[in-house]
Amino acid sequence: MDIATTRQKHGTAPFGGQCVADISIIPPKHKNIIPSSDYKLYAANGTEIVTYGTKVRSLDIGLRRQFQWPFVIANTNRDIIGANFLDKFGLMNDI
């Protein structure tokens, strides 16, 4: 997983935003962490998004179970559930 892109999409994304990402992303909690070179992410406009590694999180999205999923820590202003998560657990509608 070297490159991921974000795409603008009409409607509401699972975490309340209006974009869809190929991978799941969370913003960093601390501003003084060292960037990671493991992932190269790019916004839809071609701007590189700085990444800081990965973290496994437990998600409760109101279904009968919680989901464990790795998120890439990246310079974003909100959590994003990626299409990879939705596809893996059969939650993907028509993206």
Side-chain angles (χ1 to χ4, degrees):
M1 187 165 37
D2 295 323
I3 297 176
T5 57
T6 57
R7 300 183 299 264
Q8 190 67 30
K9 180 153 179 90
H10 300 291
T12 302
F15 270 7
Q18 291 186 328
C19 66
V20 175
D22 295 332
I23 64 170
S24 301
I25 301 169
I26 56 174
K29 290 193 179 231
H30 307 289
K31 297 294 181 191
N32 58 349
I33 58 176
I34 299 171
S36 168
S37 62
D38 293 342
Y39 296 92
K40 295 279 186 185
L41 303 183
Y42 297 93
N45 66 4
T47 304
E48 186 172 343
I49 301 170
V50 178
T51 63
Y52 304 96
T54 61
K55 179 178 182 177
V56 175
R57 290 183 66 184
S58 179
L59 298 175
D60 182 352
I61 57 174
L63 299 176
R64 294 182 180 158
R65 61 177 274 206
Q66 289 199 355
F67 299 90
Q68 299 290 318
W69 194 250
F71 283 76
V72 173
I73 303 167
N75 271 352
T76 60
N77 57 4
R78 66 180 60 189
D79 295 350
I80 299 171
I81 294 178
N84 62 345
F85 172 84
L86 300 173
D87 184 47
K88 170 73 176 176
F89 294 106
L91 303 170
M92 186 176 289
N93 202 354
D94 185 22
I95 294 181

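Computation of the quantities below employed the complete heavy-atom set of this structure, encompassing side-chain atoms and omitting hydrogens, waters and symmetry-equivalent molecules.
Between P28 and N75 the shortest side-chain heavy-atom distance falls below 4.5 Å. Side-chain contact between F89 and L63: absent, with no pair of heavy atoms (C-beta onward) separated by less than 4.5 Å. Side-chain contact check for W69 versus K88: some heavy-atom pair is nearer than 4.5 Å. Annotation: side chain of T51 is not in contact with side chain of P35 (no heavy-atom distance under 4.5 Å). Annotation: side chain of L41 is in contact with side chain of I25 (closest heavy-atom distance under 4.5 Å).
With values rounded to the nearest 0.5 angstrom, R65 atom CZ is found 11.5 Å from D60 atom CG. Atoms CD1 and CZ, from I26 and R57 in turn, are 5.0 Å apart once rounded to the nearest 0.5 Å.
The two residues I80 and F71 come nearest to each other via the heavy atoms O-CE2, 3.7 Å. Closest approach of Q66 to S58, counting heavy atoms only: OE1-OG, 2.6 Å. Nearest heavy-atom pair across S24 and P70 is CB-O, 4.2 Å.
Here Y52 pairs with nothing under the ring pair (Phe, Tyr, Trp, His ring centres under 6.0 Å) rule; sequence neighbours left out.
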For this session: Give the intermediate values and the outcome of side chain to side chain contact (heavy atoms under 4.5 Å, CB included) for residues L91 and F85.
Result: CA-CA 8 Å; L91 303 170; F85 172 84; 3.8 Å; yes

